[in-house]
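What follows is a single structure, written as structure tokens, with notes after it.
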Number of protein chains: 2
Amino acid sequence: MDEPITYTVKGAAIETGLTEDTIRYYEKIGLLPRAKRKPNSHRVYRQEDVETMRMITCFRKTGMPLESMKPYLQLSRGEDLSSHPELYSMMEEHKRKIEHQIASLQQIVDFLDLQLQSGGTHLHKESCTLAEPEKRPPDPRFPI
Amino acid sequence: MDEPITYTVKGAAIETGLTEDTIRYYEKIGLLPRAKRKPNSHRVYRQEDVETMRMITCFRKTGMPLESMKPYLQLSRGEDLSSHPELYSMMEEHKRKIEHQIASLQQIVDFLDLQLQSGGTHLHKESCTLAEPEKRPPDPRFPI
DNA sequence: AGTTGACTTGGAGTCGGCTCCAAGTTGTAC
DNA sequence: GTACAACTTGGAGCCGACTCCAAGTCAACT
């Protein structure tokens, strides 16, 4: 039978763009499950683990705190979504947040376009004014 | 003549969703220019300043470090873009980054959609695999 | 036997971005 | 005149997310 590919911590780092330290840190804080060890106690990662790491970097790009990722990552490790209605609505909620975030980013792109096109014929601050509908201080980006 | 509207630090905070402390902090680190003071040394903000704050919150949503915002904010305070070619290309570069970020976010939305639709009929990790073209550790999100 | 290199661990340090605090000033209300 | 509220300042503290380090283990090579 064909041996499934595995990775050392360094290999996983190269594969994912994380650093070795960061991978170990993620394990330390319980974001990644404790990796299997070889007899010499070195970590071994399988393709599946690398995918999880890629998911983390992907989520991280959305500015999501590591702590908030945990439920999603646990879910994708074999859990059944339909049996976790509160996770389901968390995901819906999160999706809405990201869509809102995309809108913000698009505004900035528009803003930059304005600045770039007009070759500098002065300021255009009026765009970039979506702001949040709720204007209460406790910034509600990821309250979970 | 009609007096232009001004804001206290509290007023500006309410208007922008930042906290008073954060506004003062932004001034302290030079992200906002030193605000004009009343004779009693209280800060006074004009509409223009509030717009700048809104721009900051907008940029902040993209995960941009405060330090990296400074050139853009200075620019929008009266500078002429065409006379700063290096700023111009910085903005172009930044625009490209944000567009890339939007693509990443869209992937996550797609990923979440997959999870949500299939009601939990197991994991779909294969999406969310755009990753960055360059796979060197020093995360190049905003090196400026 | 000794050196090298890839790993292990626990813990300390760093950095960005706030957040909180104490002490002081000023302006208005009673 | 004294209490109160709304500010001021400088500086300390906090949290998240790393990042770095020292000391140790283990296998392979010379």
Side-chain angles (χ1 to χ4, degrees), chain A residues 6-45 49 52-53 55-71 73 136-144, chain B residues 6-45 49 52-53 55-71 73 136-144:
Chain A
T6 61
Y7 303 84
T8 63
V9 70
K10 184 173 203 171
I14 289 169
E15 203 60 24
T16 59
L18 298 169
T19 70
E20 304 174 43
D21 263 332
T22 301
I23 292 174
R24 283 189 282 257
Y25 169 70
Y26 285 170
E27 181 176 318
K28 184 146 58 176
I29 64 167
L31 187 59
L32 291 171
R34 179 172 166 82
K36 258 193 71 183
R37 310 295 157 116
K38 286 199 224 147
N40 62 7
S41 85
H42 290 192
R43 291 170 176 79
V44 196
Y45 295 105
D49 301 314
T52 304
M53 293 176 203
M55 280 213 20
I56 292 172
T57 64
C58 204
F59 276 126
R60 200 181 50 172
K61 281 186 202 146
T62 74
M64 192 188 222
L66 303 180
E67 201 52 43
S68 310
M69 293 178 196
K70 288 186 182 177
L73 297 176
R136 286 296 88 213
D139 178 19
R141 275 186 304 178
F142 288 104
I144 287 294
Chain B
T6 62
Y7 302 84
T8 64
V9 70
K10 184 172 202 171
I14 289 169
E15 204 59 26
T16 60
L18 298 169
T19 70
E20 305 172 42
D21 264 331
T22 300
I23 292 174
R24 283 189 282 256
Y25 169 69
Y26 285 170
E27 181 176 318
K28 183 147 56 179
I29 63 169
L31 187 59
L32 291 171
R34 180 172 165 82
K36 259 194 68 186
R37 311 294 157 117
K38 285 199 225 145
N40 60 10
S41 84
H42 289 193
R43 291 169 176 82
V44 197
Y45 296 104
D49 301 314
T52 304
M53 294 177 203
M55 279 212 21
I56 292 172
T57 63
C58 204
F59 277 126
R60 200 180 52 172
K61 281 187 202 146
T62 75
M64 192 188 223
L66 302 181
E67 202 52 43
S68 310
M69 293 180 196
K70 288 186 182 177
L73 297 176
R136 287 296 90 211
D139 178 21
R141 274 186 304 177
F142 289 104
I144 289 292

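Here is how names work: the chains are called A, B, and so on, in the same order as the sequence lines, proteins then strands, and each is numbered from 1. On a predicted model such as this, the values are computed, not experimentally measured, just so you know.
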- Query: Could you state the CD-P distance from B/Glu67 to C/dG17, rounded to the nearest angstrom?
  - Reply: 8 Å

- Run the side-chain contact (heavy atoms from CB on, under 4.5 Å) check on A/Leu32 and A/Leu73 step by step: do they pass? CA-CA 8 Å; A/Leu32 291 171; A/Leu73 297 176; 5.8 Å; no

- Send over the distance from A/Met69 CE to D/dC18 C1', rounded to a whole Å. 13 Å

- First locate atom CG of A/Asp49, then atom OH of A/Tyr7, and finally report the distance between them rounded to the nearest 0.5 Å. 10.0 Å

- Task: Give the rounded distance in Å between these two atoms: CD1 of B/Ile29 and C1' of C/dC15.
- Result: 13 Å

- Do A/Ile23 and A/Met53 have side chains that get closer than 4.5 Å, going by heavy atoms? yes

- Message: Generate the contact string for nucleotides 7-16 of chain D. Rules: B means base contact, S means sugar-phosphate contact only, - means no protein heavy atom under 4.0 Å.
- Response: SBB-B-----

- Item | Stepwise salt bridge (Lys or Arg N to Asp or Glu O under 4.0 Å) test for A/Glu27 and A/Lys36 | CA-CA 11 Å; A/Glu27 181 176 318; A/Lys36 258 193 71 183; over 6 Å; no

- Query: Could you give the CD1-to-P distance, from A/Ile23 to D/dA17, as a whole number of Å?
  - Reply: 17 Å

- Task: To the nearest 0.5 Å, tell me how far A/Lys70 NZ sits from A/Ile29 CD1.
- Result: 5.5 Å

- Atom pair distance, as rounded to whole Å: CG in A/Leu31 and C1' in D/dC18: 13 Å

- NZ of B/Lys38 versus P of D/dA6: gap in Å, rounded? 13 Å

- Message: What is the distance, to the nearest angstrom, from the CE atom on B/Met64 to the P atom on C/dG16?
- Response: 15 Å

- Query: Does A/Met69 reach the side chain of A/Arg60, with side-chain heavy atoms less than 4.5 Å apart?
  - Reply: yes

